[in-house]
Amino acid sequence: MSTSPRYRFAPSPTGYFHVGGARTALYNWLLALKNNGTFVLRIEDTDESRNEPQWTQGIIDALAWIGIDSKDSHFEGPYFQSTYAAEHVAAAHKLFESGNAYYCDQTSEQIQERAKAAGLNGYDGFSRDRKLGPGLGHVLRFRVPEGKTIVHDTVRGAVEFDNTTIEDFVLLRSNGTPVFLIANVVDDITMNITHVVRAEEHLPNTPKQQMLWEALGHQPPVWAHVPVLVNEQRKKLSKRRDKVAVEQYREEGILPEAMINYLMTLGWAPSGDTEIVPLQQIQDEFRLEDVNHSPAFFDIKKLQAFNGEYIRLMTPERFIAAANEVLTSAAATWPAEQYKPELFAAMASLVQTRVVVMAEVVAMVDFLFLEEPPIDEAAFTKSFSSDFAQPTLTEIAEAFERIDWNVESIKAAVEEVGARHDVKLGKLQGPLRIAITGRPVGPPLFEPIELLGRQESLRRIRAALVRATA
RNA sequence: GCCCCCAUCGUCUAGUGGCCUAGGACACCACCCUUUCAAGGUGGCGGCACGGGUUCGAAUCCCGUUGGGGGUGCCA
């Protein structure tokens, strides 16, 4: 047996990838890299639901997105729990033969009734000494020994469980199939897992699993239970209420670097005064011992702040490339053939500091590629309600007809009109902006006006003037 | 109900008995810069849940209270 640590990540395929799972995966991955160990991916597909291949692919893709590369030498798998069903059953039988497990014919109704009568709850060990064999309607239960079980957890220290509080749990269902508790342990044993790093919700399972490891004749692994991620109401993030799909964040343009960095600051922090740090530093500094003990709120606002920061950190070339991907995707609101990459490239730097997620670039520049940009009615009305709106815009149009067509003269021309009417540029550009872009806010105006060209700019201004008088 | 975990600004955290008048980040507010909006700069607001101990000294250690969370399946 090798001495290099073996970590594992064991998601069940549910069709999407949960951000909490992403964090757990990241912890395991970083630890594997840092300690020159192995990251084992095991798909826990034993739930009746048949193994949908695309779900597994979804998990692999999502992992790849956060930098967990299945081609990397530290990566092993994916394994599928369902393929080890025979081993799980065999282990359960072994436990029966060694006297660590026994069959029980009690239905949950019977168990509940007796518990109620005794004023207790849970299964009371009724069948412990009835020497039942396997049979129809019989489940196999683990015989929980007397005493205490102490779980040594890297995050939490020693956690003590009195075995009397742990009921004789089921290993094999009455239909003979193994339950998670044993399947998980048997797989970890056969895959030589040395470190189990998972979410806190599994902590109550751990004494049971530790007993299984021992009853099966093995040294339990190093356990580490990291706090769960919660929503604003401080409840565990759930698919129903919360936005938890990694894929969704990817689609709206959260950068993987930002997601990784943000996830790693939940329950842990890198040294120094800034949380935005290179992944290498995180890998070097991360220790399970330093992970916080309390649940962390998954704050989308802060994620976005991280993302904005990462967007601004991109080189212009990278930003343009990333934006092009979005602008040519289904997210684009214009006909594909009207997209002109060189037009976007010319004003990319003006957009870069103004978006928080990549998806926002579409609305930032749509007026360049849309023949008739939709007009924000409320903003239009408000903008054209001033006395100066129409006269100044008319004069701007006149000036636009004769000036040299470049940013400097465009700006100068507009300023000149402003000076004549004693209106500051800040106010003056309102109607012009709406006329050109359809929106009250956006990137600086004169660059796109130049890009749009004299003819088109004039057309839009005149259309707006007509609209204003209508 | 029972078992387990947890408790520092609104949020994420730094802090491991004296460097704490508690540091940083996000959010928020103000000002500067500015063609809107951002970005950037400067400043501000804001916290050790409570009560007892231990100690010369406690955010840090102990006990209790309160509050939150997780688990209590023939789900994983």
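So that the names make sense, note that chain A is the first sequence line, chain B the second, and so on, each numbered from 1.
Rounded to whole Å, the separation between the P atoms of B:G69 and B:C74 comes to 25 Å. Taking atom C1' in both B:C28 and B:A49, one finds a spacing of 24 Å when rounded to whole Å. Across B:A14 and B:C48, the matching C1' atoms stand 13 Å from one another, rounded to whole Å. Comparing the C1' positions of B:G47 and B:A7 gives an interatomic distance of 12 Å, to the nearest angstrom. B:C26 and B:C45 have their C1' atoms separated by 15 Å, given to the nearest Å. Straight-line distance between the C1' atoms of B:U72 and B:U16: roughly 34 Å, to the nearest whole Å. Across B:G51 and B:C9, the matching P atoms stand 16 Å from one another, rounded to whole Å. Of the C1' atoms belonging to B:U21 and B:A59, the separation is 14 Å, rounded to the nearest Å.
Within 6.0 Å of NZ in A:Lys243 there are more than 12 heavy atoms belonging to other residues, nucleotides or ligands. Heavy atoms of other residues, nucleotides or ligands lying less than 6.0 angstrom from CZ of A:Arg318 number 12 at most.
Among residues two or more places apart in sequence or in another chain, the side-chain contact (heavy atoms from CB on, under 4.5 Å) test is passed with A:Glu146 by none. By the side-chain contact (heavy atoms from CB on, under 4.5 Å) test, A:Ala346 is found to be paired with A:Leu451, residues two or more places apart in sequence or in another chain being considered. Residues meeting the salt bridge (charged side-chain N to carboxylate O under 4.0 Å, His left out) test with A:Lys302, sequence neighbours left out: A:Glu275. Residues passing the side-chain contact (heavy atoms from CB on, under 4.5 Å) test with A:Gln112, sequence neighbours excluded: none.
Backbone-only contact: A:Lys235 has heavy atoms under 4.0 Å from sugar-phosphate atoms and none from a base. Contacts of A:His202 with the nucleic acid, taken as non-hydrogen atoms under 4.0 Å apart, include base atoms. Among the protein residues, A:Gln352 comes within range of no part of the nucleic acid, since none of its heavy atoms lies under 4.0 Å from any strand.
A:Tyr102 and A:Phe96 have their aromatic ring centers separated by at least 6.0 angstrom.
A:Lys236 has its NZ atom 14 Å from the P atom of B:A76, to the nearest Å. Rounded to whole angstrom, the span from the CD1 atom of A:Ile276 across to the P atom of B:A25 amounts to 11 Å. Per the geometry, NE2 belonging to A:His152 stands 17 Å off C1' belonging to B:C5, to the nearest Å. One atom, CG of A:Asp273, and another, C1' of B:G15, lie 13 Å apart when rounded to the nearest Å. Rounded to whole angstrom, the span from the CG atom of A:Leu237 across to the C1' atom of B:G69 amounts to 13 Å. With rounding to whole Å, A:Met364 atom CE is found 11 Å from B:U36 atom C1'. Across the protein-nucleic acid pair, A:Lys427 atom NZ and B:C37 atom P stand 12 Å apart, rounded to whole Å. Rounding to whole angstrom units, CZ of residue A:Phe169 and P of B:A76 are separated by 14 Å.
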Heteroatom pairs (N/O) under 3.5 angstrom, protein to nucleotides 30-35 of chain B:
residue, atom, partner, partner atom, Å
B:U35, O2', A:Gln429, OE1, 3.3
B:U35, O2', A:Gln429, NE2, 3.3

Distances for protein N/O vs nucleotides 38-40 of chain B N/O pairs under 3.5 angstrom?
residue, atom, partner, partner atom, Å
B:A38, O2', A:Thr353, O, 2.7
B:A38, N3, A:Thr353, OG1, 3.3
B:A39, O4', A:Thr353, O, 3.4
B:A39, O3', A:Arg312, NH1, 3.3
B:G40, OP1, A:Arg312, NH1, 3.2

Every protein N/O lying under 3.5 Å from an N/O of nucleotides 72-74 of chain B:
residue, atom, partner, partner atom, Å
B:C74, O3', A:Arg173, NE, 3.4
B:C74, O2, A:Ser174, N, 3.0
B:C74, O2, A:Ser174, OG, 2.9
B:C74, N3, A:Ser174, OG, 3.1

Detail all sub-3.5 Å separations between protein N/O atoms and N/O atoms belonging to nucleotides 43-51 of chain B.
none

Restricting both atoms to N or O, compile the protein contacts to nucleotides 6-12 of chain B shorter than 3.5 Å, with distance only.
residue, atom, partner, partner atom, Å
B:C6, OP1, A:His293, ND1, 3.3
B:U11, O3', A:Arg234, NH2, 3.3
B:C12, OP1, A:Arg234, NH2, 2.1
B:C12, OP1, A:Phe297, N, 3.1
B:C12, O2', A:Thr265, O, 2.6
B:C12, O2, A:Glu275, OE2, 3.4
B:C12, O2, A:Lys302, NZ, 3.3

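Base pairing of B:C28 is made with B:G44, judged by Watson-Crick or G-U wobble geometry with both donor-acceptor distances under 3.5 Å. Across the strands present, B:A7 finds its partner in B:U66; the criterion is a Watson-Crick or G-U wobble pair with both atom distances under 3.5 angstrom. Base pairing annotation: B:C2 forms a Watson-Crick or G-U wobble pair with B:G71, both donor-acceptor distances under 3.5 Å.
The nearest heavy atom of RNA chain B to A:Gln81 and to A:Gln233 marks one nucleotide each, and the one closer to the 5' end goes with A:Gln233.
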request  = Report the C-alpha distance between A:Asp366 and A:Arg439 in whole Å, list the side-chain angles of each, state the deciding distance to 0.1 Å, and finish with yes or no for salt bridge (charged side-chain N to carboxylate O under 4.0 Å, His left out).
outcome  = CA-CA 10 Å; A:Asp366 60 353; A:Arg439 298 176 199 274; 2.4 Å; yes

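Classified by interplanar angle (parallel below 30°, tilted 30° to 60°, perpendicular above 60°), the ring pair A:His18/A:Tyr16 is tilted. Ring planes of A:Trp223 and A:His225: parallel class, angle under 30° (limits at 30 and 60°).
The ring pair (Phe, Tyr, Trp, His ring centres under 6.0 Å) contacts involving residues 252-273 of chain A comprise A:Tyr262-A:Phe298, A:Tyr262-A:Phe306, A:Trp268-A:Phe286, where partners must be two or more places apart or lie in separate chains. Screening residues 406-447 of chain A for ring pair (Phe, Tyr, Trp, His ring centres under 6.0 Å), with sequence neighbours left out, gives no hits. Every pair passing side-chain hydrogen bond (donor to acceptor under 3.5 Å, both in side chains) that includes a residue from residues 405-414 of chain A is listed here, sequence neighbours excluded: A:Asn406-A:Ser409.
Remark: the backbone N or O of A:Ser271 is paired with a side-chain donor or acceptor of A:Glu285 at under 3.5 angstrom.
A salt bridge between A:Asp187 and A:Arg42 is present, with a side-chain N of the basic residue lying under 4.0 Å from a carboxylate O of the acidic one. Electrostatic pairing of A:Lys236 and A:Glu200 does not count as a salt bridge here, judged by no charged N lying under 4.0 Å from a carboxylate O. Of the charged side-chain nitrogens involved, none lies within less than 4.0 Å of a carboxylate oxygen, so that A:Asp242 and A:Lys235 do not count as a salt-bridged pair.
Residues A:Glu398 and A:Val417 have side chains not in contact (no heavy-atom distance under 4.5 Å, counting atoms from C-beta outward).
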